[in-house]
S.K.: 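Supplied in structure tokens, the structure appears directly below.
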Amino acid sequence: MFQIKKKIKTDVLVAGSGLAGIKVSKELADQQADVLMVTKMQVASGSSFYPLKASLGTQVTKDHEDESIFLEDIESLSHGMHGRDLAEVYVKEIPKRVKEYHEIGVKAKKLEGERKACFAEHERDIYLLSDWDQIRENVRTIFAEYENLSIQEKTIVLTLLKKDDRVAGAILLDENNDLVMVECKSVILATGGFGSIYQHNLNPNDVDGSGHILAVEAGTRLVNMEYIQFIPGITAPKYKTLFGEHTLMYCDDIVDEAGSSLLDSMLPEEISKQECLQIRSTHGPFTHSLDSKYVDIAMMKNIIANRNDRGFRLLYRSELYENGEEFYTVYLNWLKERNIDLLENEIRIAPFAHASNGGVYIDTYGRTGVNGLYAIGELSCNIEGANRLGGNSTGACMVFGKRAAADCVRYIETQSHEEISEPEALKQIENMFGVQGQTKGPVIDMEKKVHQAIESIKKLMWYHGNVVRNKDSLLKALETIRKLESELDLGRLFEQQATRKLTIKARNFFKLSQILLEAMLERKESRGAHFREDYPEEREEYNKRLFISMKDDGALEYRFLNE
């Protein structure tokens with residue numbers, strides 16, 4: 001029988017400690033709200049603080065005249081899949097919010113001159129964020145000054161608790177895997193994306209999509225889940241290092257194990273190899289929208305055909321290290337600190353999962369449609385659409401972190417705490433696992449099978465839900481995942497305290513992988529980050545966004561809507 005070890009009462013529970021979680025927590029604390037921040041790892045974690053990248057950027061509106069131009073850039077790139085209201089707020093507010101980075105311990109250095117961000121058609125100011133360890137130290141120092149802001153590390157949110165049609169609390173698993181019940185007036189989810197559901201990804205392990213499952217089970221809607229950013233990552237000489245696509249400007253070719261060009265047989269006659277690589281140097285994520293798509297498609301087709309994920313070799317010209325632009329030197333010097341030289345070393349790349357353009361559907365204050373529940377950061381479906389303009393994701397954490405905090409403070413002033421009984425909370429945990437928990441046999445064998453299932457899901461997602469997708473491949477992956485799920489008794493494993501977090505991760509992976517694959521199946525076209533080789537063109541009948549919600553019986557519903 002499960003037991004609640006501890007009860008906590010607070011005004012607001014914030015889940016996640018990336019840029020969005022840090023920003024919203026400080027804003028709430030500044031307005032005298034009692035805040036409990038929980039994070040799966042340590043403070044200042046998630047994709048915001050991924051260690052194997054040199055920096056993050058934020059793109060900033062130049063002036064009032066640029067607001068409409070910036071908005072046009074976002075709209076052009078989104079292919080009709082973005083939230084216009086969110087984009088309008090962003091372009092107006094980001095100039096103020098970028099000046100607030102220092103308040104949360106983040107040094108944002110403005111690059112010299114103006115520069116085009118990834119995918120951008122116009123140059124703007126770009127601010128670079130770096131030095132993750134120093135930021136983490138700064139955040140701890142700043143947060144320590146608040147008596148009304150507490151932190152629980154190595155803690156996950158197991159499930160959200162609702163009462164009278166609003167979020168009233170949550171159940172946590174703390175660092176000892178003990179059950180902790182939180183009674184609160186509001187919950188803000190800032191849990192990030194889900195890159196680690198893929199075998200090869202450029203995310204920390206805690207970026208696992210847990211917030212998406214929490215949100216949809218609480219009654220929110222997901223949207224744009226099929227639009228996932230895949231970007232080239234370095235496989236050698238240092239695996240899982242972020243690749244600077246701008247260096248492709250100085251690349252002559254990308255070749256396979258035998259030294260043969262991947263592009264010679266892939267490119268249409270009207271596109272030269274150098275033209276393709278030059279276009280590819282202007283953006284990090286794969287997109288079907290540009291002729292540079294052949295680079296990523298060629299890599300992934302070769303990987304699928306040969307089941308070889310060692311990556312592909314880049315042939316650089318020496319002029320690369322003669323470029324004195326700050327954007328180049330920051331990255332190249334950072335690589336040198338890690339003993340990587342793009343000319344001296346054999347550099348291999350492959351498509352890695354990076355970020356989600358979709359997520360929880362929100363309004364301009366991060367509200368999800370469920371009373372008392374907010375979603376911000378990469379977890380939310382924010383200003384991006386089928387493609388994402390570079391430098392907007394970090395800025396969105398600041399813009400909507402501040403707006404969510406402001407609205408949340410207004411909300412909690414009208415609410416009182418709802419008392420939740422232990423039997424109510426424990427019943428919800430039991431319901432999470434259905435009728436499972438009845439199998440016999442050694443738990444250690446089951447634990448091994450769950451680990452194997454998680455690794456299988458990651459591999460299936462990488463091979464079948466990566467850059468190149470088609471109906472047969474997606475259905476095959478779905479069938480395999482459903483079979484794996486039917487063979488496991490997660491309820492019984494959750495009964496063992498030591499394996500509770502593993503069990504929840506497996507449960508989330510089973511649910512999320514099926515959501516992603518189903519979304520990819522539903523969109524029978526190619527648009528932006530979503531490429532179906534069996535439907536290689538963008539189709540007008542799909543000029544709608546795909547919304548995903550949970551019905552009363554627990555089944556998921558997929559609907560294309562003009563929202």
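For clarity, every value in this text was computed on a predicted model and none was experimentally measured. Atom set for the values below is all heavy atoms of this structure, side chains included, hydrogens, waters and symmetry mates excluded.
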S.K.: Nearest 0.5 angstrom please: I457 CD1 to K505 NZ, how far?
M.R.: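 The distance works out to 10.5 Å.
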S.K.: Kindly indicate, with the supporting measurements, whether the criterion side chain to side chain donor-acceptor pair (under 3.5 Å) is fulfilled by D178 and Q497.
M.R.: CA-CA 7 Å; D178 284 326; Q497 186 163 333; 2.8 Å; yes
S.K.: Side chains of K163 and E424: does their closest heavy-atom pair fall under 4.5 Å?
M.R.: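 Of all side-chain heavy-atom pairs linking E424 with K163, at least one is under 4.5 Å.
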S.K.: So do I74 and N392 actually touch side chain to side chain, heavy atoms under 4.5 Å?
M.R.: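 Yes; the side chains approach each other to less than 4.5 Å.
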S.K.: Would the number of heavy atoms belonging to other residues, nucleotides or ligands and lying under 6.0 Å from CE of M41 be above 12?
M.R.: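 Not more than 12 within 6.0 Å, no.
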S.K.: Please name all residues satisfying side chain to side chain donor-acceptor pair (under 3.5 Å) with E93, sequence neighbours left out, ordered by chain then number.
M.R.: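 With neighbours one apart ignored, the set is R403.
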S.K.: How close do L426 and Q3 get, heavy atom to heavy atom, and via which atoms?
M.R.: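 Heavy atoms only, the tightest pair is CD2-N, 4.5 Å.
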S.K.: Hey, is the main chain of Q42 close enough, under 3.5 Å, to the side chain of K154 for a donor-acceptor pair?
M.R.: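 No.
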S.K.: Under a plain distance cut-off of 3.5 Å, with no hydrogens placed, do Y101 and T58 share a side-chain donor-acceptor pair?
M.R.: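 Judged by distance alone, the side chains do pair up.
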S.K.: Salt bridge between R124 and D66, side-chain N to carboxylate O under 4.0 Å?
M.R.: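 Yes, R124 and D66 are salt-bridged.
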S.K.: Donor-acceptor pair, distance only, cut-off 3.5 Å: does the side chain of N224 make one with the backbone of Y227?
M.R.: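 Not a single qualifying donor-acceptor pair exists.
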S.K.: At their closest point, which heavy atom of A404 faces which heavy atom of I376, and how far apart are they?
M.R.: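 Shortest heavy-atom separation between A404 and I376 comes out as CB-CG2, 3.8 Å.
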S.K.: I want to check something: taking the side chain as every heavy atom from C-beta on, are F509 and S196 in contact at a cut-off of under 4.5 Å?
M.R.: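 They are in contact (side-chain heavy atoms under 4.5 Å apart), so the answer is yes.
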S.K.: What are the two closest non-hydrogen atoms of S186 and C408, and how far apart are they?
M.R.: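 The answer is OG-SG, 3.4 Å.
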S.K.: Would you say that more than 12 heavy atoms from the other residues, nucleotides or ligands in this model lie under 6.0 Å from the CD of E112, or not?
M.R.: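 Result for CD/E112: open.
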S.K.: Could you tell me the separation between the NZ atom of K240 and the CG atom of L242, rounded to the nearest 0.5 Å?
M.R.: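 Between K240 NZ and L242 CG, I get 12.0 Å after rounding to 0.5 Å.
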S.K.: Going by distance alone, is a donor N or O of one side chain under 3.5 Å from an acceptor N or O of the other, for S17 and T39?
M.R.: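 Yes, side-chain donor-acceptor contact under 3.5 Å.
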S.K.: Does R136 reach the main-chain N or O of V43 with its side chain, forming a donor-acceptor pair under 3.5 Å?
M.R.: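 It does hold such a pair.
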S.K.: Salt-bridge test for R115 and E326: reply yes if a basic N is under 4.0 Å from a carboxylate O, no otherwise.
M.R.: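 No, this pair does not count.
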S.K.: Taking all non-hydrogen atoms of both residues into account, name the closest pair between R388 and S393 and its distance.
M.R.: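 Taking R388 first and S393 second, the nearest heavy atoms are NH1-CB, 3.2 Å.
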S.K.: Can you list the steps and then say if L161 with V167 is a side-chain contact (heavy atoms from CB on, under 4.5 Å)?
M.R.: CA-CA 6 Å; L161 302 171; V167 169; over 6 Å; no
S.K.: Go through it in stages, so that I can follow the logic: the residues are Y90 and F400, the test is ring pair (Phe, Tyr, Trp, His ring centres under 6.0 Å), and I'd like the CA-CA distance, side-chain angles, deciding distance and then a yes or no.
M.R.: CA-CA 8 Å; Y90 181 87; F400 296 100; 7.2 Å; no
S.K.: Going by the rule ring pair (Phe, Tyr, Trp, His ring centres under 6.0 Å), which residues pair with H530 if we only count those two or more places apart in sequence or in a different chain?
M.R.: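 Result, ring pair (Phe, Tyr, Trp, His ring centres under 6.0 Å) vs H530: none returned.
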S.K.: Starting at CD of Q199, measure out to CE of M461 and round the result to the nearest 0.5 Å.
M.R.: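 Q199 atom CD to M461 atom CE measures 12.0 Å (nearest 0.5 Å).
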S.K.: Does N138 reach the main-chain N or O of G105 with its side chain, forming a donor-acceptor pair under 3.5 Å?
M.R.: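 Yes; judged by distance alone, with no hydrogens or angles, the pair exists.
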S.K.: Pair K23, E100 - check salt bridge (charged side-chain N to carboxylate O under 4.0 Å, His left out), show working.
M.R.: CA-CA 9 Å; K23 176 62 173 173; E100 296 171 357; 2.7 Å; yes
S.K.: With ring pair (Phe, Tyr, Trp, His ring centres under 6.0 Å) as the criterion, how do F70 and H122 come out once you've worked through the C-alpha distance, each side chain's angles and the decisive distance to 0.1 Å?
M.R.: CA-CA 8 Å; F70 198 168; H122 300 89; 9.5 Å; no
S.K.: Measure from the side-chain N and O atoms of T155 to the backbone N and O of E153, and report whether any donor-acceptor pair falls under 3.5 Å.
M.R.: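 Indeed, once roles are kept as given, a pair shorter than 3.5 Å links the two residues.
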S.K.: Please report the interatomic distance OG(S48) to CD1(I22), rounded to the nearest 0.5 Å.
M.R.: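 It comes to 7.0 Å.
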S.K.: When rounded to the nearest 0.5 angstrom, what distance separates OG1 in T368 from CG in L373?
M.R.: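 With rounding to 0.5 Å, OG1 (T368) is 4.0 Å from CG (L373).
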S.K.: Answer yes when K402 and E27 have at least one side-chain N-carboxylate O distance shorter than 4.0 Å, and no when they do not.
M.R.: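 Between E27 and K402 there is a salt bridge, with a charged N closer than 4.0 Å to a carboxylate O.
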S.K.: Y127: which residues meet the ring pair (Phe, Tyr, Trp, His ring centres under 6.0 Å) condition with it, sequence neighbours left out?
M.R.: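 Ring pair (Phe, Tyr, Trp, His ring centres under 6.0 Å) check on Y127 returns nothing, list empty.
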S.K.: Does the E563 side chain pair with the main chain of K544, one donor and one acceptor, at a distance under 3.5 Å?
M.R.: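 Not confirmed, E563 side chain does not pair with K544 backbone.
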S.K.: Is it true that atom NZ of K110 has more than 12 heavy atoms of other residues, nucleotides or ligands lying nearer than 6.0 Å?
M.R.: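 Yes, enclosed.
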S.K.: For R410, does the CZ atom sit with more than 12 other heavy atoms under 6.0 Å from it, leaving out its own atoms?
M.R.: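 Correct, the count exceeds 12.
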S.K.: Under the criterion side chain to side chain donor-acceptor pair (under 3.5 Å), I'd like the reasoning laid out for E337 against N333: C-alpha separation, chi angles, the key distance, then a yes or no.
M.R.: CA-CA 6 Å; E337 291 172 4; N333 290 338; over 6 Å; no
S.K.: Using the side chain to side chain donor-acceptor pair (under 3.5 Å) criterion, which residues pair with S210? Sequence neighbours excluded.
M.R.: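 Testing S210 for side chain to side chain donor-acceptor pair (under 3.5 Å), a comparison that skips the adjacent residues, returns K40, D208.
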S.K.: Might you confirm whether atom NE2 of H102 has over 12 heavy atoms from other residues, nucleotides or ligands at distances under 6.0 Å?
M.R.: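 Atom NE2 in H102 is crowded, with more than 12 foreign heavy atoms closer than 6.0 Å.
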S.K.: Please determine which of Y198, Y239, F230 meets the ring-ring contact (aromatic ring centres under 6.0 Å, His included) test together with F352.
M.R.: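 In the set Y198, Y239, F230, the residue that makes a ring-ring contact (aromatic ring centres under 6.0 Å, His included) with F352 is Y239.
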S.K.: What distance separates L19 CG from I104 CD1, expressed to the nearest 0.5 Å?
M.R.: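 Separation between the atoms: 5.5 Å.
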S.K.: Checking side-chain polar atoms at under 3.5 Å, does T61 have a donor or acceptor matched by the opposite partner on E67?
M.R.: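 E67 and T61 do not have a side-chain donor-acceptor pair below 3.5 Å.
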S.K.: Any heavy-atom pair between the side chains of N357 and Q229 that's under 4.5 Å?
M.R.: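 Side chain of Q229 against side chain of N357, heavy atoms only: contact under 4.5 Å found.
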S.K.: Are any non-hydrogen side-chain atoms of L56 and Y50 less than 4.5 angstrom apart?
M.R.: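 The answer is no, as the side chains (C-beta and beyond) never meet within the 4.5 Å cut-off.
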S.K.: Which heavy atom in T503 sits nearest to a heavy atom in L490, and how many Å separate them?
M.R.: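 The answer is CG2-O, 3.2 Å.
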S.K.: Which residues pass the salt bridge (charged side-chain N to carboxylate O under 4.0 Å, His left out) test with R507, not counting sequence neighbours?
M.R.: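 With neighbours one apart ignored, the set is E217.
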S.K.: Would you indicate whether the side-chain heavy atoms of S76 and E121 approach each other to under 4.5 Å?
M.R.: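 The answer is yes; the side chains approach within 4.5 Å.
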S.K.: Below 4.0 angstrom, N of the basic side chain to O of the carboxylate: do R367 and D407 qualify?
M.R.: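 Salt bridge: yes.
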S.K.: With a cut-off of 6.0 Å (strictly less than), are more than 12 heavy atoms of other residues, nucleotides or ligands near NZ of K62?
M.R.: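 Buried by this count: over 12 neighbours within 6.0 Å.
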S.K.: Going by side chain to side chain contact (heavy atoms under 4.5 Å, CB included), name the residues that satisfy it together with A33, two or more places apart in sequence or in a different chain.
M.R.: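 A33: side chain to side chain contact (heavy atoms under 4.5 Å, CB included) contacts with D11, L28, V35, I412.
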S.K.: Looking only at the side chains, is there a donor atom on one of Y411 and N371 sitting less than 3.5 Å from an acceptor on the other?
M.R.: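 Absent: no donor and acceptor within the cut-off.
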S.K.: By the definition side-chain contact (heavy atoms from CB on, under 4.5 Å), identify the one residue from L179, L158, N176 that meets it with R500.
M.R.: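 Single pass found, and it is L179.
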S.K.: Is the closest side-chain heavy-atom distance between Y361 and F547 below 4.5 Å?
M.R.: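 Side-chain contact under 4.5 Å: yes.
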S.K.: Is a side-chain donor-acceptor pair under 3.5 Å present for N387 with S289?
M.R.: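 The criterion, which ignores hydrogens and geometry beyond distance, is satisfied for N387 and S289.
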S.K.: Does the side chain of N203 come under 3.5 Å of the side chain of S47 through a donor N or O and an acceptor N or O?
M.R.: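 Yes, S47 and N203 have a side-chain donor paired with an acceptor closer than 3.5 Å.
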S.K.: Hey, are the side chains of P232 and P351 touching, using non-hydrogen atoms and a 4.5 Å cut-off?
M.R.: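 Result no, sub-4.5 Å side-chain heavy-atom pair not found.
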